[in-house]
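Okay, structure first, notes after.
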Amino acid sequence: MSEEGNKEQPERAKTVDGLEKKWTKWWSEKEVYKYRGKDRASTYSIDTPPPTVSGHLHVGHVFSYTHTDVMARYKRMKGFDVFYPMGWDDNGLPTERRVQNYYGVYVDTSLKFDPSFLPPLEGGKAPKDFKAAPCSRENFIKLCENLSRKDEEQFKDLWVKLGLSVDWSMTYHTIGRECRRISQLAFLENLKRGEAYQKVAPVLWDTTFQTAVSQAELESREYPGFYHKLLFHADGEDVAIETTRPELLAACVALIANPKDPRYLHLKGKSVKTPLFGVEVPVLFHEAAQMDKGAGIAMCCTFGDATDVEWWREMSLPVRPILTKAGRISSQVPDWIQTQKGKEAFEKLENLTAFSARKEIASLLKESGEMEGEPVPTSRMANFYEKGSKPIEILPSRQWYIINGSHDEKLRSDLLECGEKLSFHPAFMKRRYDNWVEGLSEDWLISRQRFFGIPFPIWYRVKENGETDYLSPILPSEEDLPVDPSSSAPRGFKEEMRGKGGGFAAEPDVMDTWAGSSLTPLLASGWKRDGELFEKTFPMDLRPQGQDIIRTWLFDTVLRSWLEFKKLPWKEAALSGWILDPDHKKMSKSKGNVVVPKEPIEAYGPDAVRYWASSARLGVDTAYDEGEMKIGRRLANKILNASKFILDLKGSEAELSKVDSPLDLSLLSSLSEIEKKAACAMESFDHASALHETEAFFWSFCDDYIELVKDRAYKGDESALNALRLSLDSLLSLFAPFLPFVTEEAWHWAHPEGLSVHLSSWPRPLETSQSPEGFKKAALFLSLLRKEKSEKKVSLKTEVKKAVVFGPGSDEARIASNDLKAAVHALKIEFDPAAPETGVRIEF
RNA sequence: GGGCGAUUAGCGCAGCGGUAGCGCACUUCCCUGACACGGAAGGGGUCACAGGUCCGAUUCCUGUAUCGCCCACCA
């Protein structure tokens, strides 16, 4: 490096440390990632997954968001105006629970908004005799927004550190005013078109959270239980059934056997009496009764499981619910139990949880001699609400639904058609969508009996007798949205009329969190808010997301978009895999194996962490691997040092017309091949091979090409200097989507007054007169000569008399004759293409 | 029970109808004028198993096993 060189340029860094601060600031000041909004054709719009801000930061976040960012940066360099907003998901149960604890409050929907409300706590620990304070839903939402803001800062900090090229001026919140407005508006549109409806029906019910939940929120878990053999009484005989849920005996409405089962045919048209309670129930026959299960005859209760619901519905059985919403046996003896013995038995079960009632009834049955043998332990799969800790119950209640094709074959096939038209990456992920749509058995239950969330924009008339008339909803007009019906009155009513005869009552429920999330493409692109933006960005180009939420987020979004526009919400869906811990267990908070993303970013640098993430293909579960990050860091440092070497050479320029040496032209051809391969890989969402193609070429470029032309370059050879500079620019661009920091740094060394590398264009392959083969063969022979020296245990710079290069391919390497000679420090070089085998020889 | 994916060197992963690849780790050598947070070279694999198609299969087909995920099963 010359003295003059030092004066012209500030000292160039040798390692990547500290680059992120410099460039994140510069990117933000120069608005490098701003969406310019020219028109639809030049726009590439991304439906970014809004992370749940009340969750803790997790290295898995880094993984999938990097995949998206790589694509965003690639598209930007391809000349697209990238619309890449960020949303914050601050809706839903996790936030609700956090806010309750943090501020020491709970929601009382009967309260009105109090602008001067101050929560009793602000983080910290609650004192011993602390009692949470009630507040209105609106106050609660305000508190949530306060707390979420803090969490969002943390997330934003991470995203910025990681180098996500998000346009931060386009940020949205899922509990924000605009999201509430859009969610309510979209719901009212569904309602208007008859796609949303309410009904009283058995629903999946979580007794811990005391809310209805949807099919999509279920997960099955192993659950221990006992088979109990109960004796029902028929004329002159006992009929034994087996059940794992004897506590529901009082809710029994029938015994069901298979119509082909000879064992029970004689009971046709007869009835039996239940043990303990002496309630008369019919013996009925249905195909769904399995002869080989249990005793082959089952008791149908309202409701033990989905089969009970099926029987109840198809055979018009009565409803005899005995469980409360809290999951306890009700505290009043139901009127269908009429015997004194039965009433006494029921009283012993009152208010017990299902779990305790099971034990109690078993001992009652044993006492009365109506249970055969002892309960037999068994383990079965039971459905749980994914966030719950007790099995789901099925209770009848009034809920809101949105159609999803489960009962509408036309809609179902339309939705399957949507799946056909959407490009899934990787393609096999489509099967999960198909399976889900094909397996839907109920419409989407969207009402939740929670307080925090987006309220339904509905009031009901209250009849003169004080009963709420759910059949006559009162709807707000579009310009009044968002509304909270529990704190404001519908137009034409005074607040005093709330809950009174002739007045109104609010729909107390809130919407499923996915009801809001399923609208992210509408929310982000400004539907019913900014018509111009909407035209330019919707339908969106890309939905990146996790494979675990295909059945929820992806499907729900497709559904809402289909119902609203009869259009797909996006063209492509990119599904990232899981992050596993180094032992290949799924990383999760409960296992305590979560890595906080800040640590590796600080230890290895953001480019290194991005390198690890980018190395994994879409849809492939990937182990957390710091080794891979070390490689990324080494690559980033190498890029810096190779750039430094090239740019420190005197008089280096980047003009193709000045490159005339065949080897240099061949190198550029070889590079062009990589540019094509990388672009092709990127277009098919295979960022990992784009990166690895580039990386492999880059190492050969450093090890072989630079070594070959070093001598010429030092001597100021124009052709070599220009080829080096041209290659450098191209390589920096190829790496830019993956390693945004180090490429930006080196790019600015090369173009001190220039734009960001991220706004430069993706390299266009150059056509040169030389094929790539010459360079490849020269590199091959250089490496053979190096090997020869290494095996002869001499230093690479040891001077040798003669180097002989022979065999097939040696003719093509002739274009590097002088460069090879210089690189191996040979006084003379000879070629012998006639030799049958490829090889080299060195004479000392 | 149905579906989807995986199985290739000690580890992490590519690949592909024609002699098995990359990186890490390992061994040896080198502070060579971009880089020691570096470089050069080397050893290491019956491509899970069994059949089939083919001149030829790690690759395509069928089946089996193991692992992971999704759905169904909850008497």
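Sequence lines set the chain letters: A, B, ... in the order given, protein chains first and strands last, and positions in each chain run from 1. It should be emphasised that the depicted structure is a prediction, and the values quoted were computed from it without experimental measurement. Heavy-atom basis, side chains included; hydrogens, waters and symmetry copies ignored.
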Taking the C1' atom in each of rA48(B) and rG42(B), what is the distance between them to the nearest angstrom? 29 Å
Pick the nucleotide of RNA chain B nearest each of Phe428(A) and Leu218(A); which residue has the one closer to the 5' end? Phe428(A)
Given rG39(B), rG3(B), rC37(B), which nucleotide is nearest the side-chain atoms of Asp703(A)? rG39(B)
Inter-nucleotide C1' distance (rC74(B), rG12(B)), Å rounded: 40 Å
For Phe645(A) and rU32(B), what is the distance between atoms CZ and P respectively, to the nearest whole Å? 16 Å
Check: Asn404(A)/Ser406(A) side-chain N/O donor and acceptor closer than 3.5 Å: yes
Carboxylate-amine/guanidinium proximity below 4.0 Å for Lys229(A) and Asp238(A): no
If I pick the P atom on rG45(B) and the same atom on rG51(B), what distance separates them, to the nearest angstrom? 24 Å
Look at all strands and tell whether Asp308(A) reaches a base, only sugar-phosphate, or nothing, counting heavy atoms closer than 4.0 Å. nothing
Quick one: which of rC74(B), rC4(B), rA40(B) gets closest to the side chain of Thr307(A)? rC74(B)
Checking rG23(B), rU32(B), rG42(B) against the side chain of Glu791(A) (C-beta onward), the nearest is rG42(B)
Quote, to the nearest angstrom, the P distance that separates rC67(B) from rU27(B). 35 Å
Nearest-angstrom distance from the residue atom CZ of Phe701(A) to C1' of rC35(B): 14 Å
So what does Ile631(A) hit on the nucleic acid, given a heavy-atom distance under 4.0 Å: a base, only sugar-phosphate, or nothing? sugar-phosphate
Paired with rA48(B): which nucleotide, if any, by Watson-Crick or G-U wobble criteria at under 3.5 Å for both distances? rU64(B)
With sugar-phosphate meaning primed atoms plus P, OP1 and OP2, does Met381(A) contact a base, only sugar-phosphate, or nothing at under 4.0 Å between heavy atoms? base
So does Lys638(A) reach the base of rC35(B) with its side chain, donor to acceptor, closer than 3.5 Å? yes
Within the 4.0 Å heavy-atom criterion, would you say Lys710(A) contacts the bases, only the backbone, or no part of the nucleic acid? base
When you measure from the side chain of Arg431(A), which nucleotide among rC35(B), rA40(B), rC4(B) comes out closest? rC4(B)
Taking the ring of Tyr611(A) and the ring of Tyr604(A), is the distance between their centroids below 6.0 Å? no
Just checking Thr244(A): base, sugar-phosphate only, or nothing, at a heavy-atom cut-off of under 4.0 Å? sugar-phosphate
As its Watson-Crick or G-U partner within any shown strand, both distances under 3.5 Å, rU58(B) has none
When both hydrogen-bonding distances must be under 3.5 Å and the geometry is Watson-Crick or G-U wobble, what is rA14(B) paired with, if anything? none
Determine the contact category for Gln547(A): base if any of its heavy atoms lies under 4.0 Å from a base atom, sugar-phosphate if only primed atoms, P, OP1 or OP2 are that close, otherwise nothing. nothing
Opposite nucleotide pairing with rA40(B), Watson-Crick or G-U, both atom distances under 3.5 Å: rU28(B)
Base paired to rC69(B) (Watson-Crick or G-U; both N/O distances under 3.5 angstrom): rG3(B)
Within this structure, what is the CG-to-C1' distance between Leu580(A) and rG5(B), rounded to whole angstrom? 13 Å
Return no unless some side-chain N or O of Ser220(A) is found under 4.0 Å from OP1 or OP2 of rC74(B). no
Can you tell me, in whole Å, how much space there is between the P of rG18(B) and that of rC47(B)? 15 Å
Heavy atoms only, 4.0 Å cut-off, all strands: where does Ala288(A) land among base, sugar-phosphate and nothing? base
Using a 4.0 Å heavy-atom cut-off across all strands, classify Trp699(A) as base, sugar-phosphate, or nothing. sugar-phosphate
Hey, are Asp717(A) and Lys715(A) close enough for a salt bridge, meaning a charged N less than 4.0 Å from a carboxylate O? no
Nearest whole angstrom, please: distance from the C1' of rG12(B) to the CD of Glu628(A). 7 Å
Assess whether a salt bridge exists between Lys430(A) and Glu420(A), defined as any Lys/Arg side-chain N lying under 4.0 Å from an Asp/Glu carboxylate O. yes
Does the ring center of Phe63(A) lie less than 6.0 Å from the ring center of Trp578(A)? no
Between OH of Tyr705(A) and C1' of rC35(B) the distance, given in whole Å, is 19 Å
Whole-Å P distance, rU64(B) and rU28(B): 49 Å
Looking only at atom C1', what distance separates rU53(B) and rA65(B), rounded to whole Å? 23 Å
Check every strand shown and say whether Glu788(A) touches a base, only sugar-phosphate, or nothing at a heavy-atom separation below 4.0 Å. nothing
Distance check: side-chain N/O of Arg634(A) vs OP1/OP2 of rG39(B), anything under 4.0 Å? yes
Any base atoms under 4.0 Å from Ala616(A), or only sugar-phosphate, or nothing? Heavy atoms, all strands. nothing
With heavy atoms under 4.0 Å as the rule, sort Thr622(A) into base, sugar-phosphate or nothing. nothing
Quick one: do Lys638(A) and Glu695(A) make a salt bridge, cutoff under 4.0 Å? no
Pairwise P distance for rG56(B) and rU7(B), with rounding to whole Å: 26 Å
Is the closest basic N to carboxylate O distance between Arg633(A) and Asp17(A) below 4.0 Å? yes
Which whole-number value in Å describes the distance from Leu691(A) CG to rC22(B) P? 17 Å
Is it the case that rC37(B) (base atoms only) and Arg633(A) (side chain only) share a donor and an acceptor within less than 3.5 Å, ignoring hydrogens and angles? yes
Remember a base hit wins even if backbone is also touched, and classify Ser615(A) as base, sugar-phosphate or nothing at under 4.0 Å, heavy atoms. nothing
Counter-base of rG33(B), judged by Watson-Crick or G-U geometry with both distances under 3.5 Å: none
Heavy atoms only, 4.0 Å cut-off, all strands: where does Arg617(A) land among base, sugar-phosphate and nothing? sugar-phosphate
For Glu602(A) and rC37(B), what is the distance between atoms CD and P respectively, to the nearest whole Å? 21 Å
Identify the nucleotide, in any strand shown, that forms a Watson-Crick or G-U wobble pair with rU19(B), with both distances under 3.5 Å; if there is none, say none. none
Decide yes or no, distance alone: a donor-acceptor N/O pair under 3.5 angstrom between the base of rC35(B) and the side-chain of Asn637(A). no
Of His825(A) and Asp621(A), the one whose nearest nucleotide on RNA chain B sits closer to the 5' end is Asp621(A)
Among the nucleotides rC74(B), rG39(B), rC35(B), whichever has the atom closest to the side chain of Lys293(A) is rC74(B)
How many Å lie between CG on Leu782(A) and C1' on rA40(B), as a whole number? 11 Å
Note: Arg245(A)-Asp305(A) ion pair, threshold 4.0 Å (strictly below): no
From rA41(B), rG39(B), rU32(B), nucleotide with atom closest to Lys787(A) side chain: rA41(B)
Does Thr15(A) reach a base, just sugar-phosphate, or nothing at all? Heavy atoms under 4.0 Å. base
Thinking salt bridges, do Lys630(A) and Glu626(A) make one under a 4.0 Å N-O criterion? no
